[in-house]
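A short worksheet on the structure shown next.
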Amino acid sequence: MSGPSPLDTALTLTRRRLALASGAALITAYGWASGTSIAQELVTTDQTGVDAFMTLSRFVTGHSNLNLATGTALLSGLQALHPHVQQDITTLNNRIAQSHAPDIETFDAQFTNDPLRPLVLQIIKGWYAGVLESGTNAKVYAFGSALMYQTSRDNVVIPTYAHNGPNYWLAEPNPVDVMPKF
């Protein structure tokens with residue numbers, strides 16, 4: 001045995017380079033994805049702001065068990081769309097407290113011509129539809145957890161092009177005991 005030929009060494013080095021390049025690509029992709037989420041989290045690091053938004057959201061939707069991650073994402077989207085949204089949320093929470101309104105319907109009757117009403121409607125839309133804007137370029141903040149699907153979730157499949165439902169890839173696939181015959 002005379003050892004590896006120059007061709008074998010070249011292939012081994014190529015495989016090593018491929019493995020190293022693949023590893024570097026994965027690390028780079030992970031770093032990029034983490035950097036994106038870190039940038040999004042920096043927008044809403046003020047816990048008081050998130051708490052105020054969640055308080056307002058609970059009142060305007062009438063639901064007490066709202067998803068905090070969805071709320072944080074919606075607040076981040078609102079901050080990008082409206083530079084003064086945090087002050088508007090504080091103003092709305094103060095108005096709601098002063099009105100002593102038991103629910104959004106009662107508050108809305110007193111609030112019809114207010115310049116902050118479109119913001120309230122946009123927040124409601126965000127929670128129910130999962131988007132803050134209309135159109136084909138609207139960013140989706142919630143899909144499977146959007147409130148519009150929750151009332152019938154036990155009987156109606158959420159509309160999707162994924163045949164096994166939204167986020168189907170998170171579950172283990174069904175085992176195949178016998179391969180189907182065609």
Side-chain angles (χ1 to χ4, degrees), residues 22 25-93 95-96 103-105 107-108 111-112 114-174:
S22 298
L26 287 172
I27 290 169
T28 302
Y30 176 77
W32 179 80
S34 297
T36 302
S37 65
I38 290 169
Q40 290 172 345
E41 289 172 11
L42 288 176
V43 175
T44 55
T45 53
D46 177 17
Q47 189 59 41
T48 306
V50 173
D51 291 342
F53 177 72
M54 294 302 290
T55 299
L56 177 61
S57 294
R58 287 184 196 99
F59 181 80
V60 301
T61 63
H63 294 281
S64 57
N65 295 326
L66 297 175
N67 184 298
L68 181 61
T70 302
T72 303
L74 286 170
L75 178 57
S76 176
L78 286 169
Q79 288 172 333
L81 295 170
H82 305 287
H84 304 291
V85 74
Q86 209 60 57
Q87 295 89 351
D88 293 343
I89 290 169
T90 302
T91 301
L92 286 166
N93 280 333
R95 287 185 189 171
I96 290 167
D103 54 36
I104 187 61
E105 289 80 11
F107 182 72
D108 189 50
F111 190 63
T112 53
D114 196 286
L116 291 178
R117 189 170 188 267
L119 176 61
V120 170
L121 296 175
Q122 189 175 30
I123 291 169
I124 294 170
K125 177 182 181 176
W127 282 105
Y128 274 88
V131 295
L132 294 170
E133 299 175 283
S134 299
T136 57
N137 291 328
K139 182 175 180 183
V140 177
Y141 295 94
F143 182 70
S145 62
L147 293 179
M148 69 178 169
Y149 297 123
Q150 301 314 306
T151 56
S152 61
R153 188 177 185 104
D154 58 341
N155 291 312
V156 179
V157 176
I158 296 171
T160 180
Y161 288 106
H163 296 289
N164 293 333
N167 298 329
Y168 72 92
W169 55 85
L170 298 177
E172 285 290 321
N174 295 330

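Predicted model only: the values in this text are computed from it and were never measured.
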If you measure from [atom1] on [X] to [atom2] on [Y], what distance do you get to the nearest 0.5 Å?
X: Leu116; Y: Gln122; atom1: CG; atom2: CD; answer: 12.0 Å
X: Thr91; Y: His84; atom1: OG1; atom2: NE2; answer: 11.5 Å
X: Gln79; Y: Leu81; atom1: CD; atom2: CG; answer: 10.5 Å
X: Leu56; Y: Asp51; atom1: CG; atom2: CG; answer: 12.5 Å
X: Ile89; Y: Met54; atom1: CD1; atom2: CE; answer: 11.0 Å

What is the minimum heavy-atom distance between [X] and [Y], and which atoms define it?
X: Gly77; Y: Leu132; answer: C-CD1, 3.7 Å
X: Pro118; Y: Asp114; answer: CD-O, 3.9 Å
X: Gly49; Y: Leu75; answer: O-CD2, 3.8 Å

Sequence neighbours excluded, the answer for side-chain hydrogen bond (donor to acceptor under 3.5 Å, both in side chains) partners of Asp88 is none
Verify side chain to side chain contact (heavy atoms under 4.5 Å, CB included) between Phe53 and Val85, making sure each step is shown before the conclusion. CA-CA 10 Å; Phe53 177 72; Val85 74; over 6 Å; no
Residues in side chain to side chain contact (heavy atoms under 4.5 Å, CB included) with Thr61, at least two apart? His63, Leu66, Trp127, Tyr128, Leu147
Residues at least two apart in sequence or cross-chain that pass side chain to side chain contact (heavy atoms under 4.5 Å, CB included) with Asn65, listed by chain then number, are none
Any donor-acceptor pair under 3.5 Å linking the side chain of Ser76 with the backbone of Thr72? no
For Phe107, the ring-ring contact (aromatic ring centres under 6.0 Å, His included) test, sequence neighbours excluded, returns Phe111
Can you list every salt bridge (Lys or Arg N to Asp or Glu O under 4.0 Å) pair that touches residues 117-134, not counting sequence neighbours? Asp108-Arg117
Taking the side chain as every heavy atom from C-beta outward, state whether Leu92 and Phe59 have any pair of such atoms under 4.5 Å apart. no
Using side-chain heavy atoms (C-beta onward) and a distance below 4.5 Å, is Ile104 in contact with Val120? yes
